[in-house]
Chemist: 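My structure is below; once you've seen it, I'll send some questions.
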Amino acid sequence: MHQNGILKKEDNFSSWYNEILKRAGILDVRYPVKGEYVWYPYGLKLRNLIYNILRSLMDKEHEEVLFPLLIRRDELLKEKEHIKGFEDEVFWVTHGGSTELDIPLALRPTSETAIYPVFKLWIRSHRDLPIRVYQIVNTFRYETKHTRPLIRVREITSFKEAHTAHASRAEAEEQIKKAVALYKLFFDQLAVPYVITKRPSWDKFPGAEYSIAFDTLMPDGRTMQIATIHLLGENFARTFDIRYEAEDGSSKLVNQTCYGISERCVAAVIAVHGDEHGLILPPKVAPIQVVIVPIIFSGDKNGSGMEEVKEACISLYEALKEADVRVILDDSPERPGAKYYYWEMKGVPLRIELGPRDLNNNSCVFVRRDDFRKTQVSLNTAVPEVKKTLDDIQRHLYARAKEKLASNIINIEDSKMGKMVEMDELRKAVRNSIISLTLCDNESCGKELEDTLGVSVLGEVYEDKGVAEGEGSGKKRCVICTRSGSRVLVARTY
Ligand code: PR8
């Protein structure tokens, strides 16, 4: 335990996480509705910086829209697979005051059934295609599994959902690739590493032909799904009769995709980078990138050089502000040590200390939040050095997190297991890591593995096959039935 009273996140992730959310001022978890939480100002600033990145990436090729929260029951129930997947998770509005509604209204669990009837009205000819829209809204899911702030919530406050419609299957598949590329750019900027897999058939989005997912590894060895991309094909188009007139005059169904990200991306930033001192925020999303702490000793308030120190701090603060750095000057009467703990807890990437002795040398001291390295920096070059250091912290955090993920993907060799695999060996390996093993495409083998080990099959790696390949070049054999199969990633999941 650290003197801040915070556990190591690897030892007890749940308590670490709850403690950090509170002490860093991210979320108030005391709201008296299960699965709903209150964003504190600092948490909301972090959330907004993250979503600004997402928004600016989306805006390059999508248009933002805003659809209503309520969905008519008959629309929601139209697509059979979709509703089968969601029926137990829907919150219903049944009354207006004391009057029972003719048609009950659902709080959207996601917006396919709100948006697609309107797509039918918007799409007439091939000239109306493709359509690519997105919205960032709250959605509601009556989650029955254990709820957890940002990770499994009943009101998803920050649901970024994109919906696209295309003239052909090939174009929809092309859109899937673009969405994967876009989400990569997004998580790269958050310095959150991921594996991308194609989900097994039994775990795809209700109504989709297939689903691609991004997962990151949490400190307790479980993975968290942080984004999904679904090929809907013609399924919803058929249900909602979304057709266009092709160039040859024929009437055709559109081909669709949808993809989404929730506040789990904020949870990922917190969980992946934080430590026993608190948050560690990547500079690109840190609400405060630099804190300046004047080193003024209480007994020495009027001592020599104190006014000069204050002035030097103010002029450094002004210069950094001018250079668009998100900076604050902490000139509160607290002791410097107390200030350090406070800003470390908030995850501020860089602290600058400046006292009389530094000023005599025309310098200040940089202390990095990622590795606590201290360097003396001349006041003349402090501004460019801040920029350089922030870039370096951003890079270092990502490299460190990527390395951690890579070293926690364990290949279970086929060769070792000629026939049946030792389940105990797998159980041990999957405790803290993602494992890569061979499964056939029989659903019953996948389910058996999931039930026996209490894990989920994440699926085949979507790109970068190197991540999951076994070394043996021979025929790959299913760990359950030894029939031939292909490599998949498996993990304990959130
Ligand atoms: C879709 N339709 O809905 P998806 N709490 C926090 N995050 C969650 C929760 C929850 N209860 N449930 C899901 N997520 C498609 C795509 C429009 C957009 C997060 O897809 O159901 C997960 O990270 O897969 C999930 O990958 C993402 O929302 C999208 O939800």
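Counting starts at 1 for both ligands and their atoms, following the listed order. On a predicted model such as this, the values are computed, not experimentally measured, just so you know.
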Chemist: Could you tell me whether Tyr183 and Phe186 have their ring centroids closer than 6.0 angstrom?
Modeler: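 Ring-ring flag for Tyr183/Phe186: false, centres at least 6.0 Å apart.
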Chemist: Please confirm whether Lys346 makes a cation-pi placement over Tyr42, using NZ or CZ under 6.0 Å from the six-membered ring centre and within 45° of the ring normal.
Modeler: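 Yes, Lys346 and Tyr42 form such a contact.
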Chemist: May I ask you to establish whether Arg154 and Tyr142 are in a cation-pi arrangement, using a distance under 6.0 Å from NZ or CZ to the six-membered ring centre and at most 45° from the ring axis?
Modeler: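 Pair Arg154/Tyr142 counts as cation-pi.
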Chemist: Kindly confirm or rule out a cation-pi arrangement of Lys160 over Tyr51, judged by NZ or CZ under 6.0 Å from the six-membered ring centre and within 45° of its axis?
Modeler: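 That pair does not qualify as a cation-pi contact.
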Chemist: For the residue pair His163 and Tyr116, categorise the inter-ring angle as parallel (less than 30°), tilted (30 to 60°) or perpendicular (more than 60°).
Modeler: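 His163 vs Tyr116 ring planes: perpendicular.
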Chemist: Sort out the contact shell of ligand 1: every protein residue with a heavy-atom distance below 4.0 Å, listed by chain and number.
Modeler: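 The answer is Thr110, Glu112, Arg141, Glu143, Leu150, Ile151, Arg152, Val153, Ile156, Phe159, Glu161, His163, Phe205, Gln225, Ile226, Ala227, Thr228, His230, Cys258, Tyr259, Gly260, Ser262, Arg264, counting any residue whose heavy atom sits under 4.0 Å from ligand 1.
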Chemist: Examine the side chains of Thr113 and Glu79 and answer whether a donor and an acceptor come within less than 3.5 Å of each other.
Modeler: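 Note: Thr113 and Glu79 side chains miss the donor-acceptor criterion.
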